[in-house]
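Presented below is the structure to which this report refers.
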Amino acid sequence: MSKEITSRNEDYSQWYNDLVLKGGLADYSAVRGCMVIKPYGYALWENMRDVLDKMFKDTGHVNAYFPLFIPKSLFEAEEKNAEGFAKECAIVTHYRLKTDTENKGKLIVDPEAKLEEELIVRPTSEAIIWNTYKDWIQSYRDLPLLINQWANVVRWEMRTRLFLRTAEFLWQEGHTAHATKQEAMEETEKMLNVYADFVENYMAVPVIKGIKSANERFAGADETYCIEAMMQDGKALQAGTSHFLGQNFAKAFNVQFMNKENKLEYVWATSWGVSTRLIGALIMAHSDDNGLVLPPKIAPLQVVIVPIYKGEESKKTVDEKALEIVGNLKSKGIRVKYDNSDNSRPGWKFAEYELKGVPVRMALGLRDIENNVVEIARRDTKEKISVSIDKSVETVESLLIEIQNNIFEKALKFRADNTYTTDSYEEFKQLLDKGGFILAHWDGTPETEEAIKEDTKATIRCIPLDGKIEPGICIYSGKPSSQRVIFARAY
RNA sequence: CGGGAUGUAGCGUAGCCCGGUUAUCGCGCCUGGUUUGGGACCAGGAGGUCGCAAGUUCGAAUCUUGCCAUCCCGACCA
C-alpha cells in the first residue's frame, strides 16, 4: 500500500520520523540510541561532506585522523571540558571476553582482562589532539596548525532522535593552533562563516550567526560561536559551532612554542564542528506532508526520469529517447536516474520520488515523443510544465537553480514571519507558545537566563553578531541591556 | 533515569481480556497473463524464533517475571 506520512499538523515528531524512515534515510538499529544510516541518507551526507571538505581545504586545512579511544588521564586534563562531558561518556574497561563455563555458547567479560587505565570513547577529540599537538608544535614556524578530522563520536544521550540526537554520530571536528589570540579569533569567525555559507548556499537553510551565552558555551571554550536555524515548528536548531578555546587546552596539555623573540608562549586554539544533525535540520527546514524536499545542490539525485509506455515496443522507443536525455543531463554534471523498472507503475514512482525529495522529475511517454516534448515537475512547488525535449537540459539546469533559491527564500520568509520582538515578559511567554524566535533584551547574567529557562523552557539561542546596539531593559529582571538576544525553544 | 504506550512475515495489522486444530487479513515479494499520463488488475505461490529469556501448565502469541528495542511526556543535553 502507499507509504502514508503523518501530517505536520497532526504530529510534528511523527512526521519527522516518517520522513526519515519512509524516505529511506535511516533506520533504527539493534543498539539503543544508535541508528543505521541507509544508502540514500549516506549519499546525502557524502554530498554535504564533500562540499565542506573542499571548503576546509580551500581555507588551508588538512585532514588527519586521531584515535577513537582517549585514556581517562588525558580526558580529564582540561577540567571544564571533562566535566562538561563526564555524564555522557562510554567507557572501555576490559579488552577480552571469554566463554562462560556455566552457560554454553555465551560469552562473559573476562575479569582478568581489566584495563589498567580506562579508555573513554571520544565524545569530542580535544584531549587526544592537544596531547598530540604538544609534540608537533615547538616553534612559531610550526604555526598555524590547521587540522580537521572526519570521525564518529559517542555521547550517551538519555533520549535520542534520528539524526538530531543519537548516541553515536558522524561529524567533522577542526582543531587549530595559532601563535596569537587575534589569529585564533579570526579563525573561529572564519570557520563560522564557512558553516553559514555552506548551510545557506548549499542546504538552503537560512541561519543566524551569533555568540552563545555562558550557559550554552562549549565546556572548555572562552567563546562559542554558532549558527542557529529555525525549523518548521518554530523551534531552533543549532546547525554548527565554532569555538575560540583561548589557551585553555594549551595550558592543560602544555602546548608551548618559541616565538620570534625566543620566548616560550602557549598557543591559542580553536575547534569547530558540524554533524549528521545537519540532515535533521535539512529535513525539518524544507520538507512537506508529501515527503522530503531536498536542495538540488546536495540532493543524492537531482533528476529522476519516469517512462510511460504501453507494451515492449513502446518501452524501447521511450527508453531510447530517455537515455538520450539522461546522457545530456549527465554531460552537464547533473545527477540523474532513469527509472524504467517494471515493478511499479508511473503513479507509484511519482509518489515515491516525491517522498524521497528528488528536486526534479521528468515523465516521458510516446505522446511526448511524438510532440518532441517532455513533462517536467518540480518537487518544491509541485508545478508541472511541458517543454521541448531540445530545451529540456537547459530547463532542468535553470530549474535546479530556481528550486535551490526558492526553498531558501521560502525558509527565509518563514523565519521572518515567525520572528518577533517584544519588551513584555507576558507577551514573550505567549509568543513562545506560538513558536519562533523572539528578540528580547537580557541583562547578560546566567541567573536570568536560567530563570527564564525554568519558567518557559526557552533558552538564549545566541547573541546575534549583526544585532544592533540598542539600549533597553531586560525582559525578566528589568536591569539594563545593550542588545537584544534571540530566545527560542530548541532541539 | 522516572511516567505512559508499543513490539505477531519486508510494512501495516487481527487474535491476547477468557490458554486448546494448520496464527488472521491487506500491502509488498515470486510465477504467469493483462496493463502502464498520479500509488493497476486477475490467477497461482512462497514467506512466521508471535521482540528475547526464564517460569506456570498436559498444552503459551495468549498468564507471570526479567531483559531488549522503539515511540510519547519529563529529567538530561555543547
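Order of the sequence lines fixes the chain letters, A, B, ..., with proteins taken first and strands second; residue numbering starts at 1 for each chain.
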**Report entry** Atom pair CG/CD of A:N131 and A:E78 - distance to nearest 0.5 Å
**Finding:** 13.5 Å
Report summary line: Whole-Å distance, A:E168 CD to B:C77 P, equals 22 Å
Query - Spacing of the P atoms in B:G51 and B:U13 (rounded, Å) - result: 14 Å
Requested in this report: Assign A:G273 to base, sugar-phosphate, or nothing according to its heavy-atom contacts below 4.0 angstrom with the strands shown.
Outcome: nothing
Query raised in the report: Can you tell me if A:D339 and A:S341 form a side-chain donor-acceptor pair at under 3.5 Å?
Result: yes
Query raised in the report: What's the closest nucleotide to the A:D342 side chain, out of B:C77, B:U36, B:G37?
Result: B:U36
Report task. Determine whether A:M48 and A:V274 make a side-chain contact, defined as any pair of heavy atoms from C-beta on separated by less than 4.5 Å. Result -> no
Query raised in the report: Does A:P111 reach the side chain of A:K98, with side-chain heavy atoms less than 4.5 Å apart?
Result: yes
Query raised in the report: Between B:C29 atom C1' and A:W348 atom CH2, what is the distance in whole Å?
Result: 13 Å
Query raised in the report: Considering only the C1' atoms, how many Å lie between B:C73 and B:A9, rounded to the nearest integer?
Result: 33 Å
Query raised in the report: Which whole number of Å gives the distance between the P atom of B:A53 and that of B:C42?
Result: 40 Å
Query raised in the report: Is any side-chain N or O of A:R361 under 3.5 Å from a base N or O of B:G38, one able to act as donor and the other as acceptor?
Result: yes
Query raised in the report: Closest to the A:E352 side chain: B:G37, B:G39, B:U36?
Result: B:G39
Report task. Take the protein atom CZ of A:R367 and the nucleotide atom P of B:G38, then report the distance between them rounded to whole Å. Result -> 9 Å
Query raised in the report: Between A:E228 and A:K209, is there a salt bridge with N-O shorter than 4.0 Å?
Result: no
Requested in this report: Would you please indicate yes or no on a ring centroid separation below 6.0 angstrom for A:Y133 and A:F253?
Outcome: no
**Report entry** Any donor-acceptor N/O pair under 3.5 Å between B:G38 base and A:E354 side chain
**Finding:** yes
Report task. Classify the nucleic acid contact of A:A363 as base, sugar-phosphate or nothing, counting any heavy atom under 4.0 Å across all strands shown. Result -> base
Query raised in the report: Under 4.0 angstrom, heavy atoms only, what part of the nucleic acid is A:G84 near: base, sugar-phosphate, or nothing?
Result: nothing
Requested in this report: Write down the distance separating the P atoms in B:U24 and B:A14, rounded off to the nearest Å.
Outcome: 15 Å
Query raised in the report: Rounding to the closest angstrom, what is the interatomic distance between B:C52 and B:A60 at atom P?
Result: 15 Å
Report task. Determine the interatomic distance between P on B:G66 and the same-named atom on B:A75; round to the nearest Å. Result -> 27 Å
Query raised in the report: How far does the C1' atom of B:A54 sit from the matching atom of B:U49, given to the nearest Å?
Result: 15 Å
Query raised in the report: Heavy atoms under 4.0 Å, any strand shown: does A:E375 hit a base, just sugar-phosphate, or nothing?
Result: base
Query raised in the report: Does the distance from a Lys or Arg side-chain N to an Asp or Glu carboxylate O, for A:K453 and A:E450, drop under 4.0 Å?
Result: no
Are any protein N/O atoms closer than 3.5 Å to N/O atoms in nucleotides 70-75 of chain B? If there are, list each pair with its distance.
{"from": "B:U70", "atom 1": "OP1", "to": "A:G33", "atom 2": "N", "distance (Å)": "2.8"}
{"from": "B:U70", "atom 1": "O3'", "to": "A:Y28", "atom 2": "OH", "distance (Å)": "3.3"}
{"from": "B:C71", "atom 1": "OP1", "to": "A:Y28", "atom 2": "OH", "distance (Å)": "2.9"}
{"from": "B:C73", "atom 1": "OP2", "to": "A:R159", "atom 2": "NH2", "distance (Å)": "2.4"}
{"from": "B:G74", "atom 1": "OP1", "to": "A:K457", "atom 2": "NZ", "distance (Å)": "3.1"}

Query raised in the report: Is the distance between the ring centroids of A:F169 and A:W45 under 6.0 Å?
Result: no
Requested in this report: Write down the distance separating the P atoms in B:U56 and B:G10, rounded off to the nearest Å.
Outcome: 32 Å
